[in-house]
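As structure tokens, the structure follows; a few thoughts come after it.
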Amino acid sequence: MNITKKLVDTLTYSAGNDVQVELPNEGVITRLDLELSITASGSAAAALSVMGLWRAIQNLKIEGGGGKNYFGMSGTQMGMLLHYLNLVDHPGTTWREIVATTTIINLRLHFGSLPKTVMGRDNPFDMSCAIPALDETNLRLTWSCAASDDTIDDILTISSGTMRVAVHEVLMSKAEWATRKAAGFFIPVSSSESYDPGATKSDFQGERDIPTGNCVRRIGIMTLDATAGASNGPLLKDDQMTEVGIKIVPDNRWLIQTRSKALELQNPVLDGMQVVDTPNTYSPHNPTGGLYVLDLRHHFNPLYGLDARGLRTGDLKLGMTIGAYSSAEKEHIWYDQVQAYR
């Protein structure tokens, strides 16, 4: 049985703090829809930041009992990267609504690899990868709120915010669940890191170890400058990472090498592509660069990407060419991984 449940408990914005909500553990969770209502104070005609209201989300994570990590997107204002992934995965979706001084924005955590059916319809109950909530006792979603109320804009500030959660889940009996697991089941285990290259790097020499032991579906990268959050930053920087690739070290073989701009242009056309909005339409959707998705499902398994289960730490490298650098500028890297579950 497929159900969609609106959680009674909500999360309330608190600058610089973590707020949590417990998730149901009666089924298998395939998707979370997050509705975030932000009330801003200040001039409606302010010089708005790109994706300003999504900056209210510093980090998001989903953890189970014993610290089991299902979703981890940590860094700086990672709501921007999540929104970009949503634009790529769900083109044509309306992600915000403007109501007087309050803006409602939507974010989606879709854990499977098939957000659309073969008929092109929305697929909220995608079981290609999901969270086994019925095996959990303490499953929770944590929102790390932006460190500063004025991080969304150089004039507007957040006066209040509320996040509401809708859970899409598949209910089944214990026998059905045992059969499903025996047939092969994958769970999400994404993680992230922040990388300060310290200087420009040529020929993919800005290297990071890609997590091994699981399947890597895709890698999301957000490049930011060093502007302070309270000064309308940090800002997306589109000239920092100019090339990106993946290398298998034991074989001395590059699996992928591409220009960052090619990744940017291969993604679906984003609606509007504006830098700022007109008055009373807070927070444009769309990036002007500095956000990239390297989808390994295009090159390897169409559902699960690159199988790194037989590799050791250091065997798989993410290589970046850093064309421009100023002190404290960083790449925030999200590794979308899946793990076989028994």
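In what follows, residues are counted from 1 in the order of the sequence shown. As the structure is a computational prediction, the values presented were derived from the model and not from experiment.
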_Surrounding CZ of Arg312 (heavy atoms of other residues, nucleotides or ligands, distance under 6.0 Å), is the total greater than 12?_
no
*asked:* Counting C-beta onward and ignoring hydrogens, is there a side-chain heavy-atom pair between Leu11 and Leu36 closer than 4.5 Å?
replied: no
*Is Asp135 salt-bridged to Lys174, cutoff N-O under 4.0 Å?*
no
_Checking Asp126 now: which residues fulfil salt bridge (Lys or Arg N to Asp or Glu O under 4.0 Å) with it, not counting sequence neighbours?_
none
*In Å and rounded to the nearest 0.5 Å, what is the CG to CD1 distance from Asp315 to Ile248?*
8.5 Å
_Could you measure the distance from the CD1 atom of Ile333 to the OG atom of Ser194? Nearest 0.5 Å is fine._
8.0 Å
*Could you give the distance from CD1 (Ile38) to OG (Ser159), rounded to the nearest 0.5 Å?*
8.5 Å
*asked:* Treating Ser173 as the side-chain partner and Glu176 as the backbone partner, does any N or O pair qualify as donor plus acceptor under 3.5 Å?
replied: yes
*Rounded to the nearest 0.5 Å, how far does CG of Leu23 lie from CG of Leu139?*
4.5 Å
*With no hydrogens and no angle check, do the side chains of Tyr195 and Glu207 hold a donor and an acceptor under 3.5 Å apart?*
no
*asked:* I need the Met163 CE to Cys145 SG distance, nearest 0.5 Å.
replied: 7.5 Å
Indicate every side-chain donor-acceptor pair of residues 316-324 with a distance under 3.5 Å to a residue at least two apart or in another chain.
| from | atom 1 | to | atom 2 | distance (Å) |
| --- | --- | --- | --- | --- |
| Lys317 | NZ | Asp209 | OD1 | 2.5 |
| Thr321 | OG1 | Phe204 | N | 2.8 |
| Thr321 | OG1 | Glu243 | OE1 | 2.7 |

*Answer with yes or no whether the hydrophobic clustering places Met73 together with Val338; edges join I, L, V, M, F, W, Y residues whose side-chain heavy atoms lie under 4.5 Å apart.*
no
*Common cluster, Val19/Leu34, ILVMFWY with side-chain heavy-atom separation under 4.5 Å*: yes
*Among all residues two or more places apart in sequence or in another chain, which pass the salt bridge (Lys or Arg N to Asp or Glu O under 4.0 Å) test with Arg208?*
Glu193
*Tyr325-Asp239 side chain donor-acceptor pair, cut-off 3.5 Å*: no
_Pairwise distance CE(Met241) to OH(Tyr292) - rounded to 0.5 angstrom_ = 5.5 Å
_Within the structure provided, determine whether Glu169 and Pro24 are in side-chain contact (heavy-atom separation under 4.5 Å)._
yes
_Under the criterion side-chain contact (heavy atoms from CB on, under 4.5 Å), I'd like the reasoning laid out for Lys6 against Arg164: C-alpha separation, chi angles, the key distance, then a yes or no._
CA-CA 8 Å; Lys6 184 194 75 171; Arg164 297 173 175 85; 5.7 Å; no
*Sub-3.5 Å donor-acceptor pair from the side chain of Gln339 to the main-chain atoms of Val189, do we have one?*
no
*Check the angle between the aromatic planes of His83 and Trp54 and answer parallel, tilted or perpendicular using the 30° and 60° thresholds.*
parallel
*Could you tell me whether Asp33 and Arg108 have a side-chain N and a carboxylate O separated by less than 4.0 Å?*
yes
_Determine whether Arg180 and Val28 satisfy the following criterion, side-chain contact (heavy atoms from CB on, under 4.5 Å), listing intermediate values before the conclusion._
CA-CA 11 Å; Arg180 169 75 71 164; Val28 177; over 6 Å; no
*Kindly say whether Asn59 contributes a backbone atom to a donor-acceptor pair with the side chain of Ser74 at under 3.5 angstrom?*
no
*Residues which pass side-chain hydrogen bond (donor to acceptor under 3.5 Å, both in side chains) with Asn252, listed by chain and number, not counting sequence neighbours*: Lys247
*Evaluate whether atom CD of Gln20 has more than 12 neighbouring non-hydrogen atoms of other residues, nucleotides or ligands under 6.0 angstrom away.*
yes
_With salt bridge (charged side-chain N to carboxylate O under 4.0 Å, His left out) as the rule and sequence neighbours excluded, what pairs involving residues 68-82 come up?_
none
*Mind running side-chain hydrogen bond (donor to acceptor under 3.5 Å, both in side chains) on Glu331 and Gln240 for me, showing each step along the way?*
CA-CA 9 Å; Glu331 279 72 43; Gln240 187 168 328; 2.3 Å; yes
*asked:* Does Lys201, at its NZ atom, have more than 12 non-hydrogen atoms belonging to other residues, nucleotides or ligands within less than 6.0 Å?
replied: yes
_Do Tyr335 and Pro211 have side chains that approach each other closer than 4.5 Å (heavy atoms only, starting at C-beta)?_
yes
*Show the numbers, then the answer: is there a side-chain contact (heavy atoms from CB on, under 4.5 Å) between Ser192 and His332?*
CA-CA 7 Å; Ser192 55; His332 298 276; over 6 Å; no
*Using the rule that two of Ile, Leu, Val, Met, Phe, Trp, Tyr join whenever any of their side-chain heavy atoms come within less than 4.5 Å, decide whether Val88 and Leu82 are in one cluster.*
yes
*Under 3.5 Å, side chain of Asp196 to main-chain N/O of Gly198, donor-acceptor pair present?*
yes
*Under the criterion side chain to side chain contact (heavy atoms under 4.5 Å, CB included), which of Asp336, Val216, Leu255, Asp307 is the partner of Leu296?*
Val216
*Residue pair Ser144 / Asp18, side-chain donor-acceptor N/O under 3.5 Å*: yes
*Keeping the roles fixed (side chain from Glu136, backbone from Gly65), state whether a donor-acceptor pair exists under 3.5 Å.*
yes
_Could you walk me through whether Trp143 and Val21 satisfy the side-chain contact (heavy atoms from CB on, under 4.5 Å) test, starting with their C-alpha distance in whole Å, then the side-chain angles of each, then the deciding distance to 0.1 Å, before giving a yes or no?_
CA-CA 9 Å; Trp143 167 24; Val21 65; over 6 Å; no
*Say whether Asn69 and Glu63, considering side chains only, have a donor N or O and an acceptor N or O under 3.5 Å apart.*
no
*Using a 4.5 Å cut-off on heavy atoms from C-beta on, say whether the side chain of Tyr341 contacts that of Pro132.*
yes
*Pairs meeting criterion ring-ring contact (aromatic ring centres under 6.0 Å, His included) with involvement of residues 160-192, two or more places apart*: Phe125-His168, Trp177-Phe185, Phe186-Tyr304
*asked:* Between Leu311 and Ile210, is there a side-chain heavy-atom distance shorter than 4.5 Å?
replied: no
*Using only heavy-atom distances, determine whether the side chains of Ser113 and Arg217 contain a donor-acceptor pair under 3.5 Å.*
yes
*pair Ile62-Leu109: side-chain heavy atoms closer than 4.5 Å*: yes
*Do the side-chain N and O atoms of Ser190 and Gln337 include a donor-acceptor pair separated by under 3.5 angstrom?*
no
*Heavy atoms, side chains only, cut-off 4.5 Å: are Leu294 and Leu263 in contact?*
yes
_When you group the ILVMFWY residues by side-chain heavy-atom contacts below 4.5 Å and let the links chain together, are Leu303 and Val170 in the same group?_
no
*Quick one: does Glu35's side chain get under 4.5 Å of Thr162's, heavy atoms only?*
no
